[in-house]
Amino acid sequence: MMPTDGVLVGVCALIRDRDVIHVRRMAGREMERRGARAGQKTRFVTAVSEIARNVIMHGGGGEACIYMHSDPTAISVVCIDNGPGIADLDAALRDGFSTAGSMGRGLGGAQRLADVFDVVTEYGRGTRVTMMARI
Amino acid sequence: MSAASAIYFVEGVLLVAIQEDISDTDILDLQEALSERVVADAARAVVMDISALEIVDTFVGRILAQLAGVSKLLDAQTYVVGMRPAVAMTLVELGMDLSESKTALSLTHALRDLRA
């Protein structure tokens, strides 16, 4: 099952800090609509929040696309930016690594919170993060 | 200060109600306003009610932890109250702990603890 196999149910621009709230609400609403439990929803929406913030803070802005899948029921969120890319992905996925003076748990944390997590990044060209959760 | 949070001063304790969907900018503003209030009101404790928050990610978690650290330096104990079970589980998975702050199930529990 690939994220792009799903039905696109929402697109959200990620430019300003309030856009993080917007994409969280959209993803949370779609999960609720399909009967996700509170714990499932909180875990996945937290992962989305981490990545959406990265797009705005490190990627110079971008967008998030939300897909729904059936059989089995799942949600996926793809966050794309055209920013500088991640120079050392392995290091960035490790807890405690940060280039922004933050805690550096965001990327690795999001990876643990999603059932499927995939990062495609090209130095100088941008980053695409795909996250999926079964419902 | 935006309407994203409200600060009340009651019997030496600063009570902070964080509203649902607080933005990054709002919580940074809150951090500054609250540390100034701790000094201005000579507060002995800060109680932060996060029951409205469905999501606490590493950014918000870090600010909550910093708020507790700042309050401690200013000689005020911090309590985080009202955390939802799903939020607690997610924070553990993110590898975060709010070790500078005490936690209580509710505002009532925190105030009882403070009076003891």
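Just so it is clear: chains get the letters A, B, ... in the order the sequence lines come, proteins before strands, and each one is counted from 1.
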Lys/Arg N to Asp/Glu carboxylate O, B:D21 vs A:R18, below 4.0 Å
no

Starting at CD1 of B:I55, measure out to CZ of A:F44 and round the result to the nearest 0.5 Å.
11.0 Å

Correct closest heavy-atom pair for A:G106 and B:T58 would be CA-OG1, 4.0 Å

CZ (A:R37) with more than 12 external heavy atoms under 6.0 Å:
no

Nearest atoms (heavy-atom pairs only) where B:G95 meets A:R112
N-NH2, 4.2 Å

Going through the distances and angles, do B:E54 and A:K41 end up as a side chain to side chain contact (heavy atoms under 4.5 Å, CB included)?
CA-CA 9 Å; B:E54 283 193 51; A:K41 191 182 109 179; 2.8 Å; yes

Value for CZ (B:F59) from CG (A:D17), rounded to nearest 0.5 Å, stands at 8.0 Å

Would you say B:M48 and B:V39 are hydrophobically clustered, going by side-chain heavy atoms of ILVMFWY under 4.5 Å?
yes

Indicate, with yes or no, if B:V38 and B:L111 share a hydrophobic cluster defined by side-chain heavy-atom contacts under 4.5 Å among Ile, Leu, Val, Met, Phe, Trp and Tyr.
no

Let me check something: do A:I80 and A:L8 share a hydrophobic cluster, defined by ILVMFWY side-chain heavy atoms less than 4.5 Å apart, either directly or through other members?
yes

Can you tell which part of A:V20 gets under 4.5 Å to a heavy atom of chain B, answering side chain, backbone, both or neither?
neither

Show the nearest heavy-atom pair for residues A:T46 and B:L94, with the distance to one decimal.
CG2-CD1, 3.9 Å

For the CD atom on B:E32, are there more than 12 heavy atoms of other groups (residues, nucleotides or ligands in this structure) within a distance under 6.0 Å?
no

Quick one: salt bridge (Lys or Arg N to Asp or Glu O under 4.0 Å) pairs with a partner in residues 75-99 of chain B, sequence neighbours left out?
A:R43-B:E93

For the student: nearest non-hydrogen atoms of B:A86 and A:G39, plus distance:
CB-CA, 3.8 Å

Tell me whether the count of non-hydrogen atoms from other residues, nucleotides or ligands lying under 6.0 Å of CZ in A:R125 goes above 12.
no

For A:R16, is it the side chain, the backbone, both, or neither that has a heavy atom closer than 4.5 Å to a heavy atom of chain B?
neither

Around A:Y123, counting heavy atoms of other residues, nucleotides and ligands shown, do more than 12 lie under 6.0 Å from its OH?
no

In sequence, state the C-alpha distance, the side-chain angles, and the governing distance for A:R24 and B:D57, and then conclude on side chain to side chain contact (heavy atoms under 4.5 Å, CB included).
CA-CA 11 Å; A:R24 278 197 320 225; B:D57 59 18; 3.8 Å; yes

In terms of heavy-atom pairs under 4.5 Å with chain A, which of B:V56, B:V60, B:T25 leads?
B:T25

